[in-house]
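Below is one structure, written out as structure tokens, with a few remarks after it.
Note on naming: letters A, B, ... go to the chains in the order of the sequence lines (proteins, then strands), and numbering restarts at 1 for each one.
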Amino acid sequence: MATIHIDGTAYEAKAGENLLEAILSHHLDLPYFCWHPSMGSIGACRQCAIITYADETDTRGRLGMACMTSVTDGMRISVQAPLAKNFRSTVIEWLMENHPHDCPVCEEGGECHLQDMTVMTGHSMRRYRGTKRTWQNQNLGPFIGHEMNRCITCYRCVRFYDEYAGGSDLAAFGSRGRMYFGRFEDGALESEFAGNLVEVCPTGVFTDKPFAQSYSRKWDLQSAPSVCVGCAVGCNVFPAERYGELKRITNRYHGEVNGYFLCDRGRFGSHFVNHEKRIRHAGVRTRDGEYEFGDMKNAIKVASTALSKGAIGIGSPRASFENNFALRELVGAENFCAGIYDTELEIVNTALDVMSKKGIVVPTLKQVEEADAILVLGEDIANTSSRLALSVRQAVRTKSFAMATDANIPTWQDAGVRGHAQSEKSALFIATPAATRLDGIATQTASGSISELVSIGSAICRRIEKATPNSDDFAELVADSLRSARAPLIVTGSSLESVELVQAAANICRALQDQNQTSSFLFVPAEVNTIGVALLGGRMSLSSALQKMSEGHSAIVLENDLYFRAPATSVDQALESNNVVVLDTLENRTVEQASVVLPAATYAEQTGSFVNYESRAQRFYQVFQPRDEISPAWTWLSRLAEAFGTESSWDSYASVLEQCAERTFSQLKNIAPSSDYRIDTTSRIPRQTHRYSGRTAMNAQVNIHEPKAKVDPDTPFSYSMEGQNPGDQNGATIPYVWSPGWNSNQSVFKFQQEVAGELVGGDPGLRLIEPNGAPLEYFDLGTSEVSRKDGVFEVIPLHFVFGSDEMSNKSWPIQARAPAPFVLLCEQDADALEVKAKMGVRIDGESESVEIRIDTRLPSGVVGIPRGLVEFPPNGTGRVQLSVDPDFVARSSGDAEVIAKG
Amino acid sequence: MSLQDTKPLIGRVQEVGGLVSLSDYESGGGYAAAKKALTQMTPTEVIDLVREANLRGRGGAGFPTGVKWGFAKGEPQTPGYKYLVCNGDEMEPGTFKDRYLIEFNPHSLIEGMILGSYAIGAEKAYVFLRGEYHEPNRQLVRAIGEAREKNYLGKSIFGSDFNLDLRIHLSGGRYICGEETALLNALEGKRGQPRYKPPFPPASGAWGRPTIVNNVETLCNVPAIVRNGAQWYQDLGLTEDSGTKIYGISGRVKQPGLWELPMGTPIRELVDVHAGGMQKGYKLRGILPGGASTDYLVEEHFDLPMDYKTIQEAGSRMGTGTMILMDDSICPVDMARNLQHFFAQESCGFCTPCREGLPWVEDLLADIENGKGEPGDLELLEQNAQYIGAPGNTFCLHATGAIEPLQSALKYFREDFEHHIEHKNCPYRAY
Amino acid sequence: MSTVALISPLSDAERSEIEAEVAHLPDRESAAIDALMIVQKHRGWISDESLSAIAKFLEMSPAKLDGIATFYNLIHRQRVGRNVVMVCDSVSCYVMGADGLAQKVQDHLGIKFGETTPDDCFTLLPIVCLGACDRAPTMIVNEDLYGPVKEEDLAEVFSRYT
Ligand SMILES: Cc1cc2nc3c(=O)[nH]c(=O)nc-3n(C[C@H](O)[C@H](O)[C@H](O)COP(=O)(O)O)c2cc1C
Ligand code: SF4
Ligand code: FES
């Protein structure tokens, strides 16, 4: 700790950190542009000028950049000195020479960091007489708009995109006063993190394109704290609504989980909420197979008759913990099925078991970034949990920070750290069947069929136990770096559908424990609430549930398209009965065959909890009240319970939560304040900003009187602008970030204890599992030999960030980025089949043929089939036959490059 | 006494009347210094000698070369781990000395680089050469080939265990690449933007390794210092500064050119004696003493000796020691516009004051020159100059250099600026 | 892998010259500027296609390489004529009447700065100080430096280039 004197007042700061961070950490105002809390300093914009004084007698001081100055004990500086203030306003004047005066029509207006800084520095008069420079913009694909005239050349975009996120198709072009930031040619930005440009750019150069199509000002948006439903990482988000439509998703800072960044599946994957195929009314299937909508009472009646003989409940990894719980209560634990297929459930339960074992560390993403040796076993994390991959990208930089520290280069001096480290990286080993987008930063990669990957895992384990001298194969290298690392980490997941793989990963952790080494275990589940639903402990497997249904058992299916989970034939049979009640949000094949359909609310329309990969339970709050008959699933379940006359019925979210916490995990009540929580004992938390406009006009076509604000019995939030933002009291209830003078998302520092640190009110969420159980035991892994036959291939399930996730696939921007259906083959097998890339094959003689892509990493004898893109034979035999389709014409797609790139 | 005893840099060029071939160079004592150092001196001894000689960098900043070399000395001695880079970018307007040295005496640069590399422990050295320097490039390529053949470059030079690989990197252009950290980025094949210091290149330079960057003329001085000793070198200078300097003059003099003269030769002697005085009908009004990025000196300064300290005290800089003369036919406003056009155009575009401020300055000057100046423009210029020009306000010293001639022009030729604005015309133009 | 050979339009000479540069550098990307200059020497300028080919050859993204190419003024990202004339516009030449010379050159070639003659013979560009200030005003045609350039010499000088 050091003491610094800022304009005569003493403050505590960390010696060695940069002065800008120290100043902002005390929640003082100092304008900046190029510095970013996650990306360090480069000193380009010259906006953060301050005066430093040599000592007490120095009255003149020297002007310098706060972001490029290290804190030293006893240092004296001034933020308010006239020279510094005048310089800062001159910097804005320079930036404004060429900046268009388009605030009124600019998408960034009202949440523009440049606007804020302009006001903050006091620059207001244009003295520059010249013409403004102008640019042509590029089409950067469905996600990102481009308006280069607004650029202030802070370099944040390329630094984030290229250096932080590892992209390669966005660059800085030109020089002097003619700097251009864009692509080599028009085309979709390839990186799955491109969406962050919207928030990283301090002006309106890179904007949210889908949002722009149905635009509202930030201050007119209604939002609430929520959790992304794109994958199991559980990034915190702000979904924002107006006119009953979900408008956009922005990042909600969480110190341990997502920090400042989201992936594009998360940012652009939520437009399914507005989908035209939303189920809006309760419906009953009539004898002729058509649906009759509108008679809710009848639907409930039909449903309860169908269910009266006792029903199976099929839960869902994409439904909230509470909704799953309500279903479990309704049908009884013995009739409750988690809704994920048998193998996957076994995998998840294995992982949960490992996570609860003594000495196992399950790292948060922030902790992942500190790992200095990582093994990824079997999971293509760039596609299944992209935000995690972004953290792994940062983890490989730990070595560069160590090198910089040795060379007396401050770790915040970003260019210096990178230049000094050159290509030196911390250890990252990736063992996956196919190439991944992280391969480029890996120390070494290994490929194999699933069973071969298990063997590689076992080999690593043996080498950790006992090094093999003079050996330098993959297993030895991995073992060696894990053994000698400061913070080693094993990452695995369920996407390859192999229990053995997870067991092999756990065995490596076990072996590390024997070496007195930390054993960090990160298991990537498939969906947002996979861990949650597994923890609810359904006793019935999905296959037996389907079996029973085909035998005539009635069932309630909660937010689950069974075709996404189980072989189509068994689902077909199961749905043949007339006794299936489906609660869901969007039409799908399961819904189409239900006897009763009940319209469930999406995550944006209800309050609940999801449990992420760490077992961190996080609350998400209703952003807006759904229209029509749409209602949270638990309300339907409650009505059904009532109709049954069962005891379980709930009249509010609070009552579901109460019971749920009592019967499952008591922590659930503590992860966020309850519905009766009030700021300063009186105020609710406003979902609308204090500048929310048009309250009296937005429904004028219905009623010219201002409607009474809707009451929210479920949460401490209000559907109005009255109230108080509780940022300094509780991290889980920040509805949007705003602070006086800081209208943009940059204001988040005012909500943090220190820059990029924990939220003032604490980072939200609590873990449901603590690793304090029995010691971890080795799993016994038999070796299974693969037999190979001509034309028959072992199926490797591939995942693609855009296209493999059930719900985001129904979001139109994601659809626009999803690649054409394809299969992946290695060169050798393609040669044997006499096919080349871009030709077509049929899988098991299906009528639709798909494009072939060649992957140099893929082993022979396997075929990669992307889930969600190709009608998948899930959990079938695991083998398919491929036959060439000579008439195939490839749908040309720029994404072909992306996936193959690695 | 040979010419080389008083003119270690280009005395031999004069003796042979042009290009110094390898045999010319050798017969004049060339490569003896390198041999002596590699076989009889430790690297530390070479550094100490250069420090004692008080050789100061000829690239513009005048930093003591021996001291700089010392910074890289203590680094790990892994063979080939460090780099010596010769800065042969020479894009400072008005400067043409390095081209001359490379074109006519390439072996002296090579020998200087052998000595510098040996002193700091570099086994790889680069000459960063201006892309437009075609003839110097041809001469240097040839000379390097000759030196390799003679094993002055390569493995076990002079039978010692010292190896050196010397390469040329031809620049893709841009003045900023002469700034040593931008130069390193360009050398690495990247965009030539400057780097923040620290880390200074001797700690972490090219490809993250300890690197010394020296100007061509600086390195060309080293062989003679090793050959003749520190005292001899110190005695060459007329004032506090050691050695000789290549002074150059461009502008309306009778004989523009460059001359190797003792450090501290007075300005007036340079103009009147060596350059033969002003051309008929032209009167000298001001000079930029060390290239386009130095402050103007005027009549009152013309008797000063040209050395680092004196010129600095007079409010300018020695810079590259090659002077640009402004005669009385030149409009100071238009000349300032010409200069700012250069600096605005050559800004790398990284930091705001330089990228956005200099074009504004250029625009203002163009307006004033074209009779469109407005009251308050001088204050605007001054404010810009103040905020762009103070070291530390911008990321590197490019913008600082850009403002030096402007600030001094506003000081010394203020009436000209005022006249333009007041009368809305340029009195130097025939209307 | 064979794909590079199939797709890349770089000539054997270009490839071997670039490889020679790569050989003494720590990584392929470090040869970016050298590679651009080599290909430009062979083709006069760097088209988008050439740029992509070089990027592929150096195993880097075209965006990154173009970021480098567009930084440097000696790398032509637009087509130039068979001969490139560059007239110095920096201060020493300015003092010696470069503005007048620049006008004369434009008149003589019938094009403005930044343009190419219709017969593709000359492209005219401004250049900063050529380091020959004692011979101001100067200009450079391809690799030949001229100075002091007088109006009456222009015809003869340009006639040397076809
Ligand atoms: C904008 C700018 C341009 C420069 N251009 C050159 C140059 O062309 N040649 C040169 O030797 N030094 C140039 N320098 C100085 C170098 O940064 C560096 O100080 C010098 O090469 C060190 O060599 P020395 O110690 O031998 O003088 C320039 C500096 C700046 C700020
Ligand atoms: S002062 Fe700034 S913009 Fe100018 S050359 Fe230096 S770093 Fe680049
Ligand atoms: S934030 Fe400090 S210079 Fe940009």
Side-chain angles (χ1 to χ4, degrees), chain B residues 90-100 124 130-138 165 167 169-175 177 186-193 207 248-252 255-258 288 291-292 322 324-327 329-330 334-335 338-339 341-342 345-346 348-349 405, chain C residues 20-38 40-41 46 58 60 64-76 86 88-99 126-138 140 142-145 147-148:
Chain B
E90 193 165 66
M91 282 183 76
E92 172 92 6
T95 305
F96 47 104
K97 64 190 180 70
D98 296 341
R99 179 178 60 77
Y100 187 89
K124 191 146 208 168
R130 250 198 102 164
E132 295 93 333
Y133 276 9
H134 301 288
E135 187 54 26
N137 183 32
R138 280 188 280 270
D165 182 18
R167 304 260 166 192
H169 172 100
L170 263 198
S171 173
R174 299 313 297 282
Y175 170 64
C177 294
L187 184 66
E188 290 181 20
K190 300 182 176 141
R191 291 168 56 82
Q193 276 163 346
W207 293 283
I249 289 186
S250 60
R252 297 251 177 226
Q255 291 145 18
L258 42 79
L288 298 171
T322 39
I324 304 145
L325 306 196
M326 182 179 88
D327 59 72
S329 73
I330 300 295
D334 199 39
M335 179 154 160
N338 174 281
L339 288 164
H341 171 73
F342 170 82
Q345 171 183 297
E346 294 305 312
C348 81
Chain C
E21 293 299 326
V22 169
H24 69 87
L25 290 166
D27 50 47
R28 296 186 76 78
E29 280 192 25
S30 292
I33 299 167
D34 305 306
L36 288 162
M37 305 267 277
I38 286 165
Q40 177 162 300
K41 189 183 72 193
I46 304 292
L58 295 180
M60 65 195 295
K64 192 166 180 195
L65 184 64
D66 202 16
I68 296 165
T70 53
F71 185 87
Y72 294 99
N73 63 303
L74 292 182
I75 293 166
H76 305 309
M86 301 199 283
C88 175
D89 65 2
S90 291
V91 65
S92 297
C93 289
Y94 162 84
V95 165
M96 298 305 284
D99 285 359
I127 188 73
V128 295
C129 177
L130 286 166
C133 316
D134 50 341
R135 290 152 67 184
T138 60
I140 191 168
N142 303 335
E143 298 196 350
D144 311 325
L145 180 67

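- Between Arg191(B) and Thr70(C), the shortest heavy-atom distance links the atoms NH1-OG1, 4.4 Å.
- Interatomic distance, Ser90(C) OG to Glu346(B) CD, rounded to the nearest 0.5 Å: 7.5 Å.
- Looking at Val95(C) and Met326(B), their side chains never come closer than 4.5 Å, going by heavy atoms from C-beta outward.
- Within the 4.5 angstrom heavy-atom criterion, no atom of Leu65(C) approaches chain B.
- Other residues, nucleotides and ligands contribute over 12 non-hydrogen atoms within 6.0 Å of the NZ atom of Lys97(B).
- Of the listed residues (Ser329(B), Gly94(B), Gly349(B), Gly189(B)), the greatest number of heavy-atom pairs within a distance under 4.5 Å of chain C belongs to Gly189(B).
- Residue Cys133(C) holds its SG atom at 9.5 Å from CG of Leu258(B), rounded to the nearest 0.5 Å.
- Of the two parts of Ala132(C), the backbone and the side chain both hold a non-hydrogen atom closer than 4.5 Å to a non-hydrogen atom of chain B.
- Heavy atoms of Asp98(B) lying under 4.5 Å from chain C are absent altogether.
- Atom CG of Asn73(C) is separated from atom OH of Tyr175(B) by 14.0 Å, given to the nearest 0.5 angstrom.
- The part of Tyr133(B) that comes within reach of chain C is its side chain, from C-beta onward, which places non-hydrogen atoms under 4.5 angstrom from that chain.
- Put simply, the side chain of His341(B) reaches to within 4.5 Å of the side chain of Asp89(C), judged on heavy atoms.
- Side-chain contact between Tyr94(C) and Asp334(B) is present, with at least one heavy-atom pair separated by less than 4.5 Å.
- Side-chain atoms of Tyr72(C) and Cys177(B), non-hydrogen and from C-beta on, do get closer than 4.5 Å to each other.
- Your options are Glu90(B), Gln193(B), Glu132(B), Glu92(B), and the one with the most heavy-atom pairs under 4.5 Å with chain C is Glu132(B).
- Distance CD1/Ile324(B) to SG/Cys93(C): 10.5 Å, rounded to 0.5 Å.
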message: Applying side-chain contact (heavy atoms from CB on, under 4.5 Å) to Met37(C) and Leu170(B), what does each step give before you reach the verdict?
response: CA-CA 9 Å; Met37(C) 305 267 277; Leu170(B) 263 198; 4.0 Å; yes
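- To the nearest 0.5 Å, atom NZ of residue Lys124(B) and atom CG of residue Leu25(C) are 6.5 Å apart.
- Asp144(C) does not touch chain B: none of its heavy atoms, backbone or side chain, sits under 4.5 Å away.
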field: Trp207(B) and Ser30(C): CA distance, side-chain angles, deciding distance, side-chain contact (heavy atoms from CB on, under 4.5 Å) verdict
entry: CA-CA 9 Å; Trp207(B) 293 283; Ser30(C) 292; 2.9 Å; yes
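- Cys348(B) has its side chain within reach of Phe71(C): a pair of non-hydrogen atoms, C-beta onward, lies under 4.5 Å apart.
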task: Before giving the answer on side-chain contact (heavy atoms from CB on, under 4.5 Å), spell out for Asp34(C) and His169(B) the whole-Å C-alpha distance, their side-chain angles and the decisive distance to 0.1 Å.
output: CA-CA 8 Å; Asp34(C) 305 306; His169(B) 172 100; 3.6 Å; yes
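- One finds the NZ atom of Lys190(B) at 7.0 Å from the NZ atom of Lys64(C) (value rounded to the nearest 0.5 Å).
- Contacts of Glu29(C) with chain B are made by backbone atoms alone, with heavy-atom separations under 4.5 Å and no side-chain atom involved.
- Between Asp134(C) and Pro256(B), the shortest heavy-atom distance links the atoms O-CG, 3.5 Å.
- Residue with the most contacts toward chain C among Gly251(B), Gly192(B), Ala186(B), Pro136(B): Gly192(B) (heavy-atom pairs, distance under 4.5 Å).
- The contact between Arg252(B) and chain C is made by backbone and side chain atoms together, counting heavy-atom distances below 4.5 Å.
- Contact of Ile140(C) with chain B is made through the side chain alone, with heavy-atom distances under 4.5 Å.
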message: With side-chain contact (heavy atoms from CB on, under 4.5 Å) as the criterion, how do Phe342(B) and Val128(C) come out once you've worked through the C-alpha distance, each side chain's angles and the decisive distance to 0.1 Å?
response: CA-CA 7 Å; Phe342(B) 170 82; Val128(C) 295; 3.5 Å; yes
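- Residue contact with chain C, scored on non-hydrogen atoms closer than 4.5 Å, is absent for Glu135(B).
- In this structure, chain C has a heavy atom under 4.5 Å from the side chain of Gln345(B), while its backbone stays farther away.
- Between chain C and the options Gly173(B), Ser171(B), Gly257(B), heavy-atom pairs under 4.5 Å are most frequent for Gly173(B).
- When each of Ala32(C), Gly131(C), Ala69(C) is checked for heavy-atom pairs under 4.5 Å with chain B, Gly131(C) comes out on top.
- Both the backbone and the side chain of Arg174(B) come within contact range of chain C, each with at least one heavy atom under 4.5 Å from a heavy atom of that chain.
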